[in-house]
Amino acid sequence: MARPTPISGFPELLPEQRVVEQHAIDTLRRTFELHGFAGIETRVVEPLDRLAKGGEIDKEIYVLRRLQADDSASDAGLALHFDLTVPFARYVLENAGKLEFPFRRYQVQPVWRGERPQVGRYRQFTQADIDIVGRDELPFHHDVEVMRVMVEAISALPVPPVSFQLNNRKLIQGFYRGLGLTDLTAAIRVIDKLDKLAPEAVAALLVEQVGASEEQAARCLELATIRVGDTSFVERVRALGVTDELLDEGLAELAAVVEGCASAAGERVTVEANLRIARGLDYYTGTVVEIFMEGYEHLKSVGGGGRYDRLADDGRNVYPGVGVSFGLTRTLVPLIADGVLAGSRKVPSAVLVAVADEETRPASDEVARALRSRGVPCEVAPTAARFGKQIRVAERRGIPFVWFVQDDGSHQVKDIRSGDQVAADVAAWVPPAADLRAGTVRPG
RNA sequence: GUGGGUAUAGCUCAGCUGGUAGAGCGCCGCCUUGUGGUGGCGGAUGUCGCGGGUUCGAGUCCCGUUACUCACCCCA
């Protein structure tokens with residue numbers, strides 16, 4: 001059979017690359033759990049009518065169908081989830097009686113979208129989400145909290161610096177209302193084009209499509225170009241002379257989030273108020289965030305999220321939520337491809353136990369057993385080849401140590417990077433902590 | 001969904017106006033008979049994406065097809 005070819009948009013990693021992803025997941029999980037977020041995993045399918053809400057994303061949904069399905073099949077109308085928020089909202093409703101609110105959870109799972117793949121854009125990709133959801137109400141301080149947790153989580157990853165660009169929908173909405181603009185959605189859509197169009201062109205569109213006066217359009221642009229790393233945006237917005245209650249509320253909230261995240265931020269993660277960030281999705285009602293990675297701005301955001309006052313609604317209760325999503329695949333796959341990140345070795349083993357000849361393989365097996373009993377990952381040489389070849393087996397796999405059982409029954413362990421070989425006690429030897437497990441390295 | 005590019009060894013690629021396929025790296029062996037890496041010598045490997053056409057002859061030209069890839073759209 002001819003060699004199979006990859007399927008575009010469905011990335012697969014080699015073992016030494018998977019190490020990077022696994023390490024990132026472990027790191028995120030540690031931070032999430034430190035903050036009391038519970039891990040859940042939802043099924044990968046949802047009823048199609050729950051996923052399809054009339055958005056453009058609809059046509060990107062993969063539906064599930066049995067090859068021999070007839071119309072009455074019970075799996076008719078199932079589809080793969082395209083994010084983790086919709087399944088989570090459903091999960092909350094389904095288990096509302098068994099969950100404690102406010103409920104905080106993290107979730108790291110693949111999602112599927114039938115888009116045309118490109119760099120950083122896949123049809124199957126893994127997201128890491130954290131959300132906090134309340135019943136009927138969710139105090140604002142959770143907005144600050146959830147952003148802080150993600151700032152901390154990403155800070156612990158060995159990725160290039162990332163930037164949290166924060167805004168608040170109340171601020172935008174209040175500003176536009178105070179300005180006298182009515183079609184908020186249209187205005188946001190036009191402002192979003194600042195990426196591609198010159199400010200003058202955007203202003204023209206505001207006049208044409210949103211019905212703004214030239215004066216109003218100018219004000220909108222002034223707002224949209226405010227971008228600062230502290231709370232000084234409050235004064236700058238006020239200076240624009242628009243007054244509105246909702247605007248005040250939005251300003252206060254955004255200031256609180258920016259300030260709250262500042263102490264968690266550092267060299268690896270910066271936080272800014274960027275008043276042109278809106279996010280396309282309609283369900284955001286307050287805090288919004290988009291995350292960008294330095295040197296990888298062409299990927300667009302590597303994460304995003306915000307506040308949604310109606311995450312879920314069962315008719316009796318509403319469940320407001322606030323959350324952030326981090327695109328693991330989008331972040332990691334390009335970094336791995338560029339050689340920015342790599343696995344430290346191809347196998348978990350820290351030690352290869354050499355085999356002198358097949359008659360003494362049991363002695364080598366015994367060494368491995370002893371090492372494993374102390375938590376040292378190791379494997380026994382596949383063949384009793386010349387020692388030079390056995391060392392090469394280790395070298396190819398990136399295994400740092402080779403263990404030899406001498407003819408007289410004594411033991412030696414060799415660090416094949418330095419060539420140093422020393423006597424070792426099979427009942428006590430452990431590798432340096434840095435060599436114990438495969439990890440992520442930055443070759444560049 | 002729309003438009004462009006590409007497809008040759010494990011990898012990166014060369015192969016001119018058509019004449020039975022190459023390099024570098026990697027891999028294997030030996031120099032080196034129980035200790036790798038450097039060096040020297042030797043060696044193996046391809047349905048040239050797939051199908052059809054033109055031709056005495058196609059990796060090369062034409063048509064089709066599939067896959068990958070880039071851009072638009074949109075998003076993590």
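The sequence lines fix the lettering, A, B, ..., with proteins before strands; numbering per chain opens at 1.
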Task: Rounded distance (nearest 0.5 Å) linking atom CD of A/Glu94 with atom OG1 of A/Thr42 - done: 10.5 Å
- [ ] State whether the distance check finds a donor on one side and an acceptor on the other, under 3.5 Å, for side chain A/Gln124 versus base B/A76.
- [x] no
- [ ] Give one of base, sugar-phosphate or nothing for A/Arg392, where a contact means two heavy atoms less than 4.0 Å apart.
- [x] sugar-phosphate
TODO: For B/A71, take OP1 and OP2 only and decide whether either is under 4.0 Å from a side-chain N or O of A/Gln118.
DONE: yes
TODO: Quick one: label A/Ile7 by what it contacts on the DNA or RNA (base, sugar-phosphate, nothing), any heavy atom closer than 4.0 Å.
DONE: sugar-phosphate
Task: Closest to side chain of A/Arg396, choosing from B/G36, B/C27, B/A76 - done: B/C27
Open item on the list: Whole angstroms only, please: what is the CD-P distance between A/Gln406 and B/U35?
Closed with: 11 Å
Task: Whole angstrom value for the distance that separates C1' of B/A76 from OH of A/Tyr122 - done: 10 Å
Task: NZ-CZ distance between A/Lys414 and A/Phe401, expressed to the nearest 0.5 angstrom - done: 12.0 Å
- [ ] For nucleotides B/G64 and B/C72, find the distance between their C1' atoms and express it as a whole number of Å.
- [x] 26 Å
Open item on the list: For A/Gly304 and A/Pro6, find the nucleotide of RNA chain B closest to each by heavy atoms; which residue's nucleotide sits nearer the 5' end?
Closed with: A/Pro6
TODO: Look at the side chain of A/Arg121 and the base of B/C73, then say whether one donor and one acceptor between them are separated by less than 3.5 Å.
DONE: yes
TODO: Would you classify A/Arg123 as touching base, sugar-phosphate or nothing, given that sugar-phosphate means primed atoms plus P, OP1 and OP2, and contacts are heavy atoms under 4.0 Å?
DONE: nothing
Task: Pairing nucleotide - B/C16, Watson-Crick or G-U, each distance under 3.5 Å - done: none
Open item on the list: When you compare the side chain of A/Pro102 with that of A/Val133, does any pair of heavy atoms fall below 4.5 Å?
Closed with: no
Open item on the list: Between A/Phe140 and A/Glu253, is there a side-chain heavy-atom distance shorter than 4.5 Å?
Closed with: yes
Task: Watson-Crick or G-U wobble mate for B/G42, both contacts under 3.5 Å - done: B/C28
TODO: Identify whether a stacking contact exists between A/Phe326 and B/A76, where the ring centres must be under 5.5 Å apart and the planes under 30° apart.
DONE: no
Open item on the list: Side chain of A/Glu60 only, heavy atoms from C-beta on: which candidate in B/C74, B/G36, B/A76 is closest?
Closed with: B/C74
TODO: Please report, rounded to the nearest Å, how far the P atom of B/A76 is from the CD1 atom of A/Ile291.
DONE: 11 Å
Task: Side-chain N,O (A/Ser8) to OP1/OP2 (B/U69) below 4.0 Å - done: yes
Open item on the list: Check A/Asp435 with A/Arg417, please: is the shortest side-chain N to carboxylate O separation under 4.0 Å?
Closed with: yes
Task: Mate of B/C73 where both pairing distances stay under 3.5 Å, Watson-Crick or G-U - done: none
Open item on the list: I need the CH2-P distance between A/Trp112 and B/A76, as an integer number of Å.
Closed with: 17 Å
Task: A/Tyr106 ring center near A/Phe32 ring center (under 6.0 Å) - done: yes
Open item on the list: How many whole angstroms separate atom CG of A/Leu299 from atom P of B/C70?
Closed with: 12 Å
Open item on the list: Nearest whole Å is fine: how far is B/A76 P from A/Phe164 CZ?
Closed with: 14 Å
TODO: Determine whether any donor atom in the side chain of A/Gln421 lies under 3.5 Å from an acceptor atom in the base of B/U35, or the reverse, and answer yes or no.
DONE: yes
Open item on the list: Considering every strand and a 4.0 Å limit on heavy-atom distances, what is the contact class for A/Lys389: base, sugar-phosphate, or nothing?
Closed with: sugar-phosphate
TODO: Report the distance from atom CD of A/Glu290 to atom P of B/C74, rounded to the nearest whole Å.
DONE: 13 Å
Open item on the list: For B/A21, give the paired nucleotide (Watson-Crick: N1-N3 plus N6-O4 or O6-N4; G-U: N1-O2 and O6-N3; both under 3.5 Å), or none.
Closed with: none
TODO: If B/A7 has a Watson-Crick or G-U wobble mate with both distances under 3.5 Å, name it; if not, just say none.
DONE: B/U66
Task: Whole angstrom value for the distance that separates P of B/C74 from CG of A/Asp83 - done: 19 Å
Task: Side-chain ion pair, A/Arg310 and A/Asp313, N-O less than 4.0 Å - done: yes
- [ ] Answer with base, sugar-phosphate or nothing: what part of the nucleic acid does A/Val119 contact at a heavy-atom distance below 4.0 Å?
- [x] sugar-phosphate
